[in-house]
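The next block holds one structure in the form of structure tokens; read it before the comments.
Worth saying up front: this structure is predicted, and the values here are computed from it rather than measured. Naming convention: chains lettered A, B, ... in sequence-line order (proteins, then strands); numbering from 1 in each chain.
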Amino acid sequence: MRIAFLGTPDFAIPSLQMLVDSGHDLAVFTQPDRPKGRHGTLTPPPVKELAQKYGIEVFQFEKISALDGVQALRNFAPELMVTAAFGQILSRENLEIPTHGCINVHASLLPKYRGAAPIQWAVIEGGKVTGVTTMLTDVGLDTGDILLFQETEIGENETAGALFDRLAILGAQVLKDTIFALQAGTLTRTPQDNTLATKCRMIKKELGKIDFNQPSCVIHNLVRGLNPWPVAYAKMDGEAVKIWETRKTERREEGQSGACVIADPKEGLFVKTGDGLIEIAELQFPGAKRMPAKAALLGRPMQGKVFD
RNA sequence: CGCGGGGUAGAGCAGUUGGUAGCUCGUCGGGCUCAUAACCCGGAGGUCGGGGGUUCAAGUCCCUCCCCCGCAA
């Protein structure tokens, strides 16, 4: 099938790879190269790199809905359009180009977690199950009819990053099934129940500030959900310390919220929360690399210090 | 050349006004103990990121290169 693939980050990679392996006639539309890293090096999005590896034509528009974007899309004349974490809003004009419409791969069980950061929010809110949904894109934000979906459990200590990788692969599978069903003529559409819909906000850095008055599980979920980006943090002696990994614990100890009540290179680092203790397993001080808390404690006594 | 922090024993850190490198953990050996990741005693292990310079003398000052990290994008 002649397919226009619109996607940008790593999440879209397995899906594009699947389309390539399935022998479809592809063109890739992705975001422009962006400055990245410490020196602002202009870096192509992952999807572009993969596309170029296979000699697939790549188009990059600041706004696909603008005139030149629509024109390029029309010229390619796709039968089907597929989006996966593209990062741009499609206009009605865009959507009317492909004869079979536009399929979006979304990393949540719609209608839950519509919007930009569904994976992180599923973890932050402590969800036990999430998944991937394919839907028929319409002009709303992830509001189109549901085609297929697949569930997966979220591990108790799973990070958003790890879940991200799994859902990217799962997404490719669901997409494959969806296209297969489309070609077989067995695809069914199920409208979303808007009364059950939730929309997730974009992740901002300030969201990562840990409030140790919160219960341990809330903190733990925040830490997992913001790993590997932007990473939860707390301040100690005026410095922002990144908290990479935490563990729940049954240990009890008195102290003020945020206080390092146990800080021993052998036992580990345990901080008082709103309802008990939480173990900080991995952290990162300014200028330093991330490291196990037990290692950090060897050269940096933290007993009695307080995070705020 | 966007701003800043840092590269010192296997790991994490300290090293004051320049004068033969210390701490905690680990590691090796010995001891105590019913026993131990606990405790005691002892040992090994570092050309202080690379190169150049100043000096009687540099981890410590100057120049330069490499690498790591944070912020900002």
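Just one of A/Lys248, A/Lys128, A/Arg247 meets the side chain to side chain contact (heavy atoms under 4.5 Å, CB included) condition when paired with A/Glu156; it is A/Lys248.
Less than 4.0 Å separates RNA chain B from at least one heavy atom of each of the following residues of residues 298-308 of chain A: A/Leu298, A/Gly299.
Of the C1' atoms belonging to B/rG46 and B/rG26, the separation is 16 Å, rounded to the nearest Å. The same atom, P, is picked in B/rG49 and in B/rA44; the two are 23 Å apart, to the nearest Å. A distance of about 15 Å separates the C1' atoms of B/rG15 and B/rU20, rounded to the whole Å. The same atom, P, is picked in B/rU55 and in B/rG18; the two are 16 Å apart, to the nearest Å. Comparing the P positions of B/rG51 and B/rC66 gives a spacing of 15 Å, expressed to the nearest Å. Taking atom P in both B/rG12 and B/rG7, one finds a spacing of 11 Å when rounded to whole Å. Rounded to the nearest Å, the gap between the P atom of B/rU17 and that of B/rU64 is 24 Å. Across the C1' atoms, B/rU8 and B/rG45 are found 14 Å apart, a figure rounded to whole Å.
To the nearest angstrom, C1' of B/rA38 lies 8 Å from NZ of A/Lys266. Across the protein-nucleic acid pair, A/Lys36 atom NZ and B/rC71 atom C1' stand 17 Å apart, rounded to whole Å. Straight-line distance from the CG atom of A/Leu42 to the P atom of B/rA73: 17 Å, rounded to whole Å. Nucleotide B/rG4 holds its P atom 17 Å from the CD atom of A/Glu239, rounded to whole Å. Atom C1' of nucleotide B/rC71 and atom NZ of A/Lys235 are separated by 12 Å, given to the nearest angstrom.
A salt bridge links A/Arg2 with A/Asp25: the closest approach of a Lys/Arg side-chain nitrogen to an acidic carboxylate oxygen falls below 4.0 angstrom. A salt bridge is defined here as a Lys NZ or Arg NE, NH1 or NH2 lying under 4.0 Å from an Asp or Glu carboxylate O, and A/Glu158 with A/Arg166 meets this definition.
Under the Watson-Crick or G-U wobble criterion, with both distances below 3.5 Å, B/rU17 is left unpaired in every strand shown. Applying the Watson-Crick and G-U wobble criteria (two distances, each under 3.5 Å), B/rA38 pairs with nothing in any strand. Pair check for B/rC3 finds B/rG70; Watson-Crick or G-U wobble, both atom distances under 3.5 Å.
Each of A/His39 and A/Met291 was matched to the nucleotide of RNA chain B holding its nearest heavy atom; the match closer to the 5' end belongs to A/His39.
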Going through the distances and angles, do A/Val82 and A/Cys102 end up as a side-chain contact (heavy atoms from CB on, under 4.5 Å)?
CA-CA 6 Å; A/Val82 170; A/Cys102 178; over 6 Å; no
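With rounding to the nearest 0.5 angstrom, the NZ atom of A/Lys36 is 10.5 Å from the OG1 atom of A/Thr41.
Nearest to the side chain of A/Ala295, among B/rC13, B/rA11, B/rA38, sits B/rA11.
Pairs engaging residues 279-308 of chain A under the ring pair (Phe, Tyr, Trp, His ring centres under 6.0 Å) rule: A/Phe212-A/Phe307 [sequence neighbours left out].
Counting Ile, Leu, Val, Met, Phe, Trp and Tyr side chains that sit under 4.5 Å apart, directly or through other members, A/Phe270 shares a hydrophobic cluster with A/Val261, A/Ile262, A/Leu277. Other members of the cluster containing A/Val70 are A/Leu6, A/Phe29, A/Phe59, A/Phe61, A/Ile64, A/Leu73, A/Met81, A/Phe86, A/Leu90, A/Leu95, A/Ile97, A/Val139, with ILVMFWY side chains joined at under 4.5 Å, either directly or via other members.
A/Asp275 places a side-chain N or O within 3.5 Å of a backbone atom of A/Ser216 that can act as its donor or acceptor partner.
Applying the side chain to side chain contact (heavy atoms under 4.5 Å, CB included) test to A/Gln60 and every residue at least two apart in sequence or in another chain returns A/Thr30, A/Asp33, A/Pro45, A/Lys48, A/Val58.
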Sub-3.5 Å pairs of nitrogen or oxygen atoms, protein against nucleotides 67-70 of chain B:
unit_1: B/rC69; atom_1: O3'; unit_2: A/Gln284; atom_2: NE2; d: 3.2
unit_1: B/rC69; atom_1: O2'; unit_2: A/Ala288; atom_2: O; d: 3.1
unit_1: B/rC69; atom_1: N4; unit_2: A/Arg38; atom_2: NE; d: 3.4
unit_1: B/rG70; atom_1: N7; unit_2: A/Arg38; atom_2: NH1; d: 2.7

